[in-house]
Amino acid sequence: MLRVIFVSDYFVQVWKSLRSIGWVLLLNVALVTGLSFGFIGYFPDAGSLLDGAYQVGLLPAVWGLYAIIALVVSIPFLAIPKLRLPLMLLLAAIGGTLAVIVFIDNYIYGIFNFHINWFFISAFFQDEGGEFFDIAVKTYVLFSFVAVLVTFFELFILWLTERKLLVRKRFKFLGVISFSVIFLNVIFINMTHSWAYAQNHMAITSISGHVPFYFPVHSRSVKKSDALASLAGEDAGTAIENSSIYYPQSPMQCDAKDGEEDQKPNIIMVVLESWRGDTLDADVAPNTYAIAQESTWFKEHHSSGTVTTRGIFSLMYGMAPTYMDNVVANNGVGGPVLLNVLKEKGYNFGIYPSGDITRIKLTDSSFLPVKDFVEHGVGNDTIEKDYDVLNKMTAKLGEGDDPVFGFMFFNSTHYLYYYPEEFEKFTPTEKPSLVDFKNGKDPAPYINRYKNSIYFIDSLIGKLVDNLKESGKWDNTIFIVTSDHAEEFADTKATRFGHGSNYTRYQSHVPLVIHWPNKPKKSYAHRTASIDLSATLLKEGLGCSNPIGDFSNGLNLFSEESNSVQVMASYYNYAFVTEQGSFIQNPIGLLESKDNQDQFNEELKLKPKDAFNALEQMRHFYKAKVN
C-alpha cells in the first residue's frame, strides 16, 4: 500500500514538474511574441484571408516551435522532481535572454536591415571609431532598461506559475490545450509557407526574412491547392512594391550614343557546370583556349557561390549571393537589371539550360524577365540534352537580324561527368561514386573523366563559334565562357570531392574568357568575381551611365581593381573570402577562420575594414539610395 502511495506521489510530482515547465515556456512565448510585434511593421499588407491568417499566426509559431523543442528536451530531466525549480530558473533565464535579444534585434533591424548574430556582434565591438554602427549612449541605456524589465517579468512568471497557476482549481487543462494550439499553429505556418514557396506567393514568402530565428519549411514540389489558392486570392503576392530590397537603387540610364543603336552586339553567355579554372588549357579545352589567346582572359576569376543556385544568381543579378533567399522570397524583385535593360533595348532571348533550373528557383528569379524564353534541353540523357542546347542556340541566332542575348548552361561537366565515347581523350577513367570518395581513393581516374566531359562541351563551343563566324556575326558578338562554380578533387583532404563544402580556390576558381569586339586581347591577373560580369556588361556593353553601386556589388572587370573581400555563399552558410583565407559564418553567425587549404587557423583574423566592407555589401540593397 505504501509503495502504491509512493509511486502515485512520484507521478504527481512529475506531472507538477511538467506543468511548471510548460507554463514557464508558454508565458515566455507570450513575452517574446509581444516584443516581436515591431517586425509586423515590415510585413506586406494582407491581401487575402490566407495572408492574414499566416501573419497572425507567424510570431507565435516561431517562438512556439522553440518552446516545443525546449519542452521535449526537458522531459528526461523531469524524472528527477528535485530538478524542477533549477530547470524553471534555467528556462526563465534562457527565455529572458531571448526576449532581450529579440528587442535589440528589432531595434537594429530597423536601422541596418540586419538581424544580429555573433559575427555582427563581433564587428560591432571592433568598430571602435563608430564608422559603421555609431550607436549613442542613450541606446545602451535603453537596452539595459529593457533587460531589467525583462528580468522582473521572468521573476513574475516564476511567481505566477508557483503561486497561482499550479494551485488553481478551474481550467486545469488550459496549459495542455494551449500547447496543442501552438503545435497545430506551428504545423499550419510551416505547411502554408511550403505551399507559398512552391507557388511563388510573395505575400507570404517575403515575410520570412523579416523575422529573426525563423527557418521555415521550403518545398519546390508542393502541388497547387485550389482551396489555398482561393484563400490566397488570384493576384495576391505578385507585386514587388512592398519589397525591402531596393534594386536597382535608381532608374537605369542606358541611352545609346549616336550611331550605336543600330550596332547592338549579340551577347552569348556559355556556362559550364562545375568547371574549375586550372583545366582551361590547350589539351582539355582547345577551342576555349584558342578564344582566350585572341580575346580577354581573366585568369583569377572566382564564382560568388560554390553551388549552382548562388553562382548563377550572382552572375545574373550582380549582387552578393546572400541576397538570394530574400530575392526569391520577394518573387525576384523584378529580375536582374541586366535582363531588363536588354529587354528594353529590343533583344531577342534564348535561355537554354540543359538541367532543370525551374526546380531550383532560377527561372523565377535569375531569369524572371525572360522566363517565357527558358527552354530546357531535350533528350534521353545529359549528353543529348547538351547537344539540344547547342542546336537551340544555333537556331536562335539564325532567326533574324535582332540582337540576341543567349544563355547556355551545359550540364555534362557535372558529377558524374558525361561524354560520348569518342571524347575519351584522357585515360584511365573511372565512374566516380560517393563510396570511393569517402574512402579517399586516388582521384586521377575521376579527374580524367571530368576532363573528358569538358573536352566534349568545349567541342560544342567550337561548333557554336564556327557558326557565328560563318554567319558573319562573330565580330558583333560579345561571347562569354565561364562557370557557376568549380570542382574539387581531393585538393584539401583525401575525402573532399565536389563543391559546396568549402571556399577555397578549388571550389571557386572558374574560367572567364570574353571575346569582346573592339577590345584588345589581354590576360588579366587581378582577382575578379562573378558579380562583376553583369556590372561590366551594363557599363561597357550597354552604355549605362548609373554608378555601378546602383545595380551591383561588383566592379568593372576592365578597371583592374579587386575587392579586398568577396562575399561568397553555399547552400547553408556564407563566407568572407580574402587573400589570406575564408571567414565562414555558420547559421548563427559564429566565425570560423580557415586558411587557403581549408584548415582551421585561429591566428587568421578578419581585418575590421574588410568586415565592414562585407557588411556594407550585404546590406547595400536593403536601403534606398539617399540623394
| task | List the steps and the verdict of side-chain hydrogen bond (donor to acceptor under 3.5 Å, both in side chains) for Asn467 and Thr394. | result | CA-CA 7 Å; Asn467 176 272; Thr394 302; 4.9 Å; no
Test of ring centre spacing under 6.0 Å for [X] and [Y]:
X	Y	value
Phe489	Tyr450	yes
Phe621	Tyr247	yes
Phe497	Tyr415	no
Phe349	Phe373	yes
Tyr42	His210	yes

| Salt-bridge criterion met for Glu300 and Arg505 (N-O under 4.0 Å) | yes
| said: Over 60° means perpendicular and under 30° means parallel, so tell me whether Phe576 and Tyr574 are parallel, tilted or perpendicular. | reply: tilted
| remark: Output for pair (Ile461 CD1, Ile268 CD1), nearest 0.5 Å, gives 12.5 Å
| Residue pair Trp275 / Ala285: nearest heavy atoms and the distance that separates them | CZ2-CB, 3.8 Å
| field | Tyr524 six-ring centre to Lys299 NZ/CZ under 6.0 Å and within 45° of normal | value | no
| query | Is the backbone N or O of Thr309 less than 3.5 Å from a side-chain atom of Asp484, with the two atoms forming a donor-acceptor pair by type? | reply | no
| query | Do the side chain of Asp550 and the main chain of Asn546 share a donor and acceptor less than 3.5 angstrom apart? | reply | no
| request: Would you sort out whether Glu540 and Lys519 count as a salt bridge (charged side-chain N to carboxylate O under 4.0 Å, His left out), showing the intermediate values? | output: CA-CA 10 Å; Glu540 297 280 337; Lys519 284 192 179 293; 2.9 Å; yes
